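First the structure, in the form of structure tokens, and then the observations on it.
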There are 2 protein chains.
Amino acid sequence: MTEEGGRDPGEDAVSEVLSALADPTRRRILDALAAHGGRATATVLALQLPVSRQAIVKHLGVLTRAGLVVGHREGREARYTVLPSPLTSTARWMDRVASDWDSRLSAIKNLAESDHD
Amino acid sequence: MTEEGGRDPGEDAVSEVLSALADPTRRRILDALAAHGGRATATVLALQLPVSRQAIVKHLGVLTRAGLVVGHREGREARYTVLPSPLTSTARWMDRVASDWDSRLSAIKNLAESDHD
DNA sequence: GTGTCGTGCAACTCTGGAGTTGCACATCAA
DNA sequence: TTGATGTGCAACTCCAGAGTTGCACGACAC
């Protein structure tokens with residue numbers, strides 16, 4: 001198993017979330033989706049954003065693979081909902097990396113000071 | 001001024017940090033840079049990573065523009081240091097977005113329940 | 001049944017960026 | 001000064017992905 005229960009994302013999951021969020025159009029899609037209360041179709045989203053419906057569909061595919069969105073059919077239309085959990089776990093990953101850098105930097109700094117004095 | 005003191009990143013800063021972190025080679029560069037205690041040259045990094053020095057230099061430029069790295073010259077060589085602060089502020093941005101989605105979703109859910117009962 | 005609306009799939013264009021190579025310049029050691 | 005090492009700049013290739021258009025299929029209203 002390469003997954004450990006959703007608490008630790010794993011490099012692949014982090015990579016997909018970061019790539020998904022790096023595109024400004026996808027962030028606008030997520031914004032519009034959240035503004036719609038987490039229930040909207042690709043057609044509705046295409047009316048509010050300056051891209052075609054097909055572009056929206058492709059972006060929703062990327063967001064779904066990143067776990068940021070889930071879709072379910074209702075009759076002939078497909079509604080999509082935002083999922084906040086990958087965001088928080090990626091934020092935790094960032095905090096871990098940042099504190100790791102911090103500790104390394106302070107260790108080097110202390111070493112340099114005790115060496116320089 | 002479009003900046004408010006480093007606490008609130010702003011969409012542009014968030015976008016640059018996310019784009020910078022989305023590339024796996026750049027994450028490996030940051031890892032190697034942190035492992036080197038935050039002081040390494042592009043040539044040294046190129047010896048440990050499967051890309052050329054010029055590719056490293058370009059990535060360091062992207063990371064510098066994102067504020068994740070800063071470089072300073074020492075004689076004829078250019079050393080680079082990681083900067084953790086953009087990571088933590090981007091993590092806070094993610095947490096804000098996630099909690100925003102959460103509140104919207106729960107509001108819709110409550111509305112649907114009270115409407116459906 | 002017919003017509004309409006929403007979706008899904010496929011092919012296509014095109015730009016940005018990741019990576020390379022080559023060369024010129026600056027800095028240090030001999 | 002000469003040679004070696006590190007850096008910076010420029011031109012180039014290449015491909016993933018963002019976006020488009022066109023069409024076919026399924027679901028609803030009539």
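Convention: sequence-line order gives letters A, B, ...; per-chain numbering from 1. Because the structure is a prediction, the values reported are computed rather than measured. In what follows, every heavy atom counts, from backbone to side chain, and hydrogens, waters and symmetry copies are set aside.
Contact annotation: B:Ser52 does not reach the phosphate of C:dG19 (side-chain N/O to OP1 or OP2, under 4.0 Å). Between A:Arg73 and the phosphate of D:dG26, there is no side-chain N or O to OP1/OP2 separation shorter than 4.0 Å. Phosphate contact (OP1/OP2 of C:dG19, side-chain N/O of B:His59, threshold under 4.0 Å): present.
Within 4.0 Å of A:Gln54, counting heavy atoms only, lies at least one base atom of the nucleic acid. B:Ala55 comes within 4.0 angstrom of a base, heavy atoms only.
Atom CG of B:Leu60 is separated from atom C1' of D:dC9 by 16 Å (rounded to the nearest Å). When the C1' atom of D:dG17 is taken as reference, atom CG of A:Leu18 falls 17 Å away, rounded to whole Å. Rounded to whole Å, atom P of D:dG19 lies 14 Å from atom CG of A:Leu45. As rounded to whole Å, 14 Å separates atom C1' of D:dG17 from atom CD of A:Glu16. Between the C1' atom of D:dT21 and the CD1 atom of A:Ile56 lies a distance of 16 Å, rounded to the nearest Å. Distance CD (B:Glu77) to P (D:dA4): 19 Å, rounded to an integer number of Å. Distance A:Leu49 CG to D:dT20 C1': 16 Å, rounded to the nearest Å. Taking atom CZ of residue B:Arg79 and atom C1' of nucleotide D:dG6, one finds them 11 Å apart after rounding to whole Å.
Contact check for B:Arg104 versus A:His36: no side-chain heavy atoms found under the 4.5 Å cut-off.
In terms of position along DNA chain D, the nucleotide closest to A:Arg26 lies nearer the 5' end than the nucleotide closest to the other residue of the pair A:Arg76 and A:Arg26.
Heavy-atom contacts from other residues, nucleotides or ligands closer than 6.0 Å to CZ of B:Arg28 number 12 or fewer. Within a 6.0 Å radius of CZ in A:Arg79, more than 12 heavy atoms belonging to other residues, nucleotides or ligands are found.
The only option from A:Val17, A:Thr88, A:Val14 that meets the side chain to side chain contact (heavy atoms under 4.5 Å, CB included) definition with A:Trp93 turns out to be A:Val14.
Without hydrogens or angle criteria, A:Arg96 side chain to A:Ala91 main chain gives no donor-acceptor distance under 3.5 Å.
For D:dG19, its base sits under 3.5 Å from the side chain of A:Lys58 at one donor and acceptor pair at least. Counting distance only, with no hydrogens placed and no angle test, the side-chain atoms of A:Arg53 and the base atoms of D:dG19 include no donor-acceptor pair under 3.5 Å.
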